[in-house]
Amino acid sequence: METNSPDQPASSATVRPTPSDVALPDQPDAVLTCDNVDVYYGSFKAVEQVNLGFGLNEITALIGPSGCGKSTLLRSLNRMNDLVEGARVAGTVSFMNEDIYGPGVDAIEVRRRIGMVFQKPNPFPKSIYDNIAYGARVTGMKVSSMDDLVEEALTRAALWDEVKDKLKQSAYGLSGGQQQRLCIARTIAIKPDVILMDEPCSALDPIATMRIEDLMQELRKDYTIVIVTHNMQQAARVADRTAFFTALPDETTGNRTGVLVEYGKTGQIFGAPNDKRTEDYISGRFG
Amino acid sequence: MNKKSATFPVLVIDDVAGSKGPAQLPGPSNISHFAGRPRPGEKIIKGVLAFSAALTVVITVGILIALIVPGVEFFVNVPIWDFLFGTRWTPMFADADYGVLPLVSATIWTTVLALIIAIPFGLGAAVLMSEYAHPKLRAVLKPILEVLAGIPTVVYGLFALQFIQLVVFKEWLQLDTGAFSVLAAGLVMGIMIIPTIASISEDAMSAVPMSLRQGSAALGANRMQTSVRVVFPAALSGIIAAIILGVSRAVGETMIVAIAAGSQARIVTGPLEAGQTMTGFIANAALGDSRVGSLEYNTLFAVGLLLFIITLIINMISIRLVNKFRQVY
Ligand SMILES: Nc1ncnc2c1ncn2[C@@H]1O[C@H](COP(=O)(O)OP(=O)(O)O)[C@@H](O)[C@H]1O
Ligand SMILES: [Mg+2]
């Protein structure tokens with residue numbers, strides 16, 4: 001894979017030309033924001049003091065070495081951390097200025113508005129059709145025609161043509177890349193505002209990866225996307241803005257806690273990083 | 001065994017990219033580089049395993065023959081049709097009838113009643129343990145269930161007869177019932193089977209990958225929906241296996257029904273009636289003094305054979321269903 005190739009220092013050449021940094025406002029029009037967010041697993045602080053805003057209809061990439069807390073932070077953005085034993089969030093995560101951890105907030109409603117696609121495709125052992133219809137069914141979404149909903153979601157996920165003749169067949173018959181697009185389609189089907197993706201291409205081959213990246217470009221017109229990626233070329237190709245994290249050891253305990261090092265437009269992060277650590281990481285000298 | 005009895009040729013790879021040229025393979029060329037250590041232990045283990053496997057087969061065949069020979073003798077005297085569809089079971093009477101339906105009816109009653117208890121509670125306990133319980137609670141619940149499974153069935157039988165039938169049904173509920181009932185036997189048998197169903201289905205549900213639960217939660221499903229719509233169907237194969245094992249245990253259970261269901265062989269038409277199951281008959285009659293080779297003696301084996309065939313059919317259905325619903329995640 002072309003990931004983190006050390007002999008290919010990231011230069012402005014790897015920066016995707018469009019959408020150009022110039023067209024982006026300096027500050028994102030954030031729909032989802034983190035204010036002083038710390039995430040703990042029991043007493044272990046996995047992520048510390050993150051301040052970050054995810055812009056409306058933008059793709060934001062979270063990059064950084066393994067174990068720096070990217071997945072942890074991502075899961076705290078739609079309360080998936082609630083499912084993890086001992087996980088706790090301090091600080092404020094707000095969606096359209098409402099604290100998603102506030103009193104009276106239903107985590108299930110949060111996840112309906114802020115969907116998530118996982119690292120490994122995780123279709124349910126059901127038919128393709130039932131996979132897509134699942135979210136609408138469990139959330140009691142009012143749909144005039146489930147068939148239309150399924151078709152629309154699959155079409156948007158660029159999967160319709162490949163599966164339209166086998167909707168009743170098991171989703172497990174699909175290839176890995178198709179399964180991941182199915183999972184994206186399933187997420188789109190409940191019409192969320194934000195889609196969180198945790199290394200959605202790490203289990204896929206380069207061609208399937210490319211298809212997902214194209215799909216993300218399609219989707220950003222209507223959705224706000226946050227993607228965790230290990231692949232810096234991918235961040236450079238797809239993201240409008242990029243946040244670089246690293247893990248710093250605690251002086252007393254030696255525990256490594258993730259911190260946000262630098263955040264900016266993707267072109268700037270890859271072309272002219274302000275922080276030495278960012279530069280080292282993207283040029284493959286570290287991580 | 002001397003571990004150093006064989007010499008290991010060592011493959012030395014000297015800095016392949018260095019200036020020394022290609023790596024050299026040391027050692028005389030007539031020694032295989034891949035010669036393994038002799039492993040006599042493996043042969044012994046293989047032998048023991050093969051013997052165990054063969055023994056199982058031999059014993060099964062032996063049981064089958066032991067059942068079939070007197071069984072066939074029985075059917076020489078009693079037409080199979082009369083046996084299977086006759087409604088009077090009086091093999092010990094002078095005026096003997098060999099219609100097995102009364103025994104079958106009691107077995108069906110106790111089995112169905114047991115399953116009515118065992119399936120909902122067993123599956124409920126499994127869902128609770130696998131999907132809801134805090135790991136600490138689960139660590140307490142599972143052993144309790146296993147203790148329940150370890151209680152001797154004679155104790156359950158006494159409980160059914162003395163407490164459920166006499167105290168609960170007759171005294172407290174003032175039900176119109178005699179000293180025995182298929183209901184008391186079935187209920188208690190159901191309690192006995194709960195751990196079997198709970199434990200096996202819990203294993204099946206716990207084996208469903210966490211990623212499916214996460215995927216479901218990320219689509220706005222609550223825990224109950226995730227359990228019922230994702231985990232349960234994904235674990236269906238194992239759950240079916242658990243239920244069928246429960247059915248087999250109910251059909252084959254002897255002590256509880258022999259004690260609490262009664263020993264009158266007649267068609268059972270209601271849960272408060274007494275009745276004799278197939279196993280109950282065998283247990284009772286085997287204790288009697290029927291002469292080897294007599295028709296009464298052969299009757300035991302005819303019923304045993306029928307029980308064996310029913311269990312076999314249940315198991316075959318089970319294998320079918322389990323394979324049909326098997327999920328590869
Ligand atoms: N469920 C968990 N329980 C305890 N610690 C966890 C859990 N998940 C992740 N961690 C720890 O949190 C840190 C960040 O992990 P993660 O968010 O997975 O990093 P990344 O996605 O950047 O590789 C790591 O030290 C990891 O060991
Ligand atoms: Mg991760």
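A, B, ... follow the sequence lines: proteins, then strands. Residue 1 opens every chain.
Considering every non-hydrogen atom in both B:L219 and A:T187, the closest pair reads CD2-CA, 3.9 Å.
With hydrogens and angles disregarded, no donor-acceptor distance shorter than 3.5 Å links the side chain of A:K126 to the backbone of B:A234.
Residues from residues 142-150 of chain B never place a non-hydrogen atom less than 4.5 Å from a non-hydrogen atom of chain A. Contact annotation for residues 132-139 of chain B against chain A (heavy-atom separation below 4.5 Å, listed by residue number): B:H134, B:P135. Taking 4.5 Å as the heavy-atom cut-off, the residues of residues 137-160 of chain A that approach chain B are A:R137, A:V138, A:T139, ordered by number. Within residues 77-90 of chain A, the residues having any heavy atom under 4.5 Å from a heavy atom of chain B are, by residue number, A:M80, A:L83, A:E85.
Around atom CZ of B:F121, no more than 12 heavy atoms belonging to other residues, nucleotides or ligands sit under 6.0 Å away. For A:N97, the CG atom is loosely surrounded, since the number of other residues' heavy atoms within 6.0 Å does not exceed 12.
Under the 4.5 Å side-chain criterion, counting only non-hydrogen atoms from C-beta, B:V231 is not in contact with A:F124.
Between chain B and the options A:R186, A:E109, A:M116, A:R112, heavy-atom pairs under 4.5 Å are most frequent for A:R186.
Annotation: the span from B:L212 atom CG to A:N122 atom CG amounts to 6.5 Å, rounded to 0.5 Å. Atom OH of A:Y134 sits about 6.5 Å away from atom CD of B:Q225, to the nearest 0.5 Å. How far CD of B:Q214 is from CZ of A:R75: 7.0 Å, rounded to the nearest 0.5 Å.
Contacts of A:P192 with chain B are absent, with no heavy-atom separation under 4.5 Å from either backbone or side chain.
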